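Position 1 is the first residue of the sequence; numbering continues from there. None of the values given here were measured: they were computed from a predicted structure. Atoms within a ligand are numbered from 1 in the order they appear, just like the ligands themselves.
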Amino acid sequence: MTNRLRLGVNIDHVATIRNARGESYPDPARAAEIALQAGADGITAHLREDRRHISDADIDALAALTRRRGRPLNLEMAVTEEMRAIALAHRPHAACLVPERREEVTTEGGLDVAGGHNRITPVVAALRQAGVRVSLFIEPTEIQVDAARLVGAQVVELHTGAYCLAVRESSARAIGLLAMLRAAAARAHGLGLEVHAGHGIDYETVAAVAAIHQVAELNIGHFLVGEAIFTGLDAAIRRMRTLMDAARASSASGEAAA
Ligand code: PXP
């Protein structure tokens, strides 16, 4: 499979920096514009219940920008009535349903689709009916992949956080966690789901994830915004794009040779 891997750039933490001082800068929409020029295929933003980073006004601006530029906006959202209403009002290209806990620093685990299907199914149906492509952010396990298919999602985004952390900590667990990501991607693809991956990806971890040929899209944010401090956002995204494309090309040539 030689399909090009898409990159969604998550600009949440541009808003985190802005909100740290209660100022109007840096502007996430400006970051989104730069990201698109640097090779991002789409923009991802998480409107959290507590609005700790992205605000409702940011979503308005990002929706307008991505519409103008003809690029997809992927709205990350909790499975709540409030977020469902906001998503239906904006009708972004895609919505990624994520678990959310107020006390967490970031989205710590995947959505328990298997345990929460009664709550999730109607939200998936409403979004799909409005023409929104629905993705579920899940742990890379068979039970969650199968449940995602059952509730009617078109896409699963596999949580790469545990794998990326294990690599950074040089933990032997990394090998097993990568094997789980590969198996989940293969299973989801086999069930007809589009496969995305994200969380915690940096220059060191991107290649192994990008080489999983069933993965169609990566969503990357925190590392890129951090790296932008040193190299600029444009250069950080271009480097990530190059690493992704190189990993995908070498995995494709390995498959062809096999
Ligand atoms: N994908 C999802 C569903 C997420 O919740 C996040 C974090 O907001 C990301 C990708 C991006 O993760 P990171 O900011 O660690 O790159």
For [atom], find the nearest protein heavy atom and state the residue, atom name and distance (0.1 Å precision).
| atom | answer |
| --- | --- |
| atom 9 (C) of ligand 1 | E76 OE2, 3.9 Å |
| atom 12 (O) of ligand 1 | H199 CA, 3.3 Å |
| atom 11 (C) of ligand 1 | N219 O, 3.8 Å |
| atom 16 (O) of ligand 1 | G221 N, 2.8 Å |

Salt-bridged, R51 to D56, with N to O below 4.0 Å?
yes
Going by distance alone, is a donor N or O of one side chain under 3.5 Å from an acceptor N or O of the other, for N219 and H199?
no
Is it the case that the side chains of N74 and T44 hold a donor-acceptor pair, with the cut-off being a distance below 3.5 Å and no angle test?
yes
Can you check whether [X] has an N/O within less than 3.5 Å of an N/O in ligand 1?
| X | result |
| --- | --- |
| G200 | yes |
| H222 | yes |
| I201 | no |

Tell me which part of E157 gets within contact of ligand 1: side chain, backbone, both or neither, using heavy atoms under 4.0 Å.
side chain
Answer side chain, backbone, both or neither: which part of T44 comes under 4.0 Å from ligand 1, heavy atoms only.
neither
Atoms of ligand 1 less than 4.0 Å from [X] heavy atoms?
| X | answer |
| --- | --- |
| V98 | 3 (C) |
| I220 | 16 (O) |
| D12 | 8 (O) |

Residues two or more places apart in sequence or in another chain: which of them pass side chain to side chain contact (heavy atoms under 4.5 Å, CB included) with L65?
A32, E33, R68, R69
Just do the salt bridge (charged side-chain N to carboxylate O under 4.0 Å, His left out) check on R52 and E100 with the steps written out, would you?
CA-CA 12 Å; R52 69 175 70 158; E100 214 176 279; over 6 Å; no
Checking D146 against R187 for the salt bridge (charged side-chain N to carboxylate O under 4.0 Å, His left out) test, could you report, in this order, the C-alpha distance in whole Å, the side-chain angles of both residues, the deciding distance, and whether it holds?
CA-CA 8 Å; D146 292 2; R187 186 167 186 92; 2.7 Å; yes
Would you call the rings of H53 and H13 parallel, tilted or perpendicular, where under 30° means parallel and over 60° means perpendicular?
perpendicular
Looking at residues at least two apart in the chain, or sitting in another chain, which of them share a side-chain hydrogen bond (donor to acceptor under 3.5 Å, both in side chains) with R71?
none
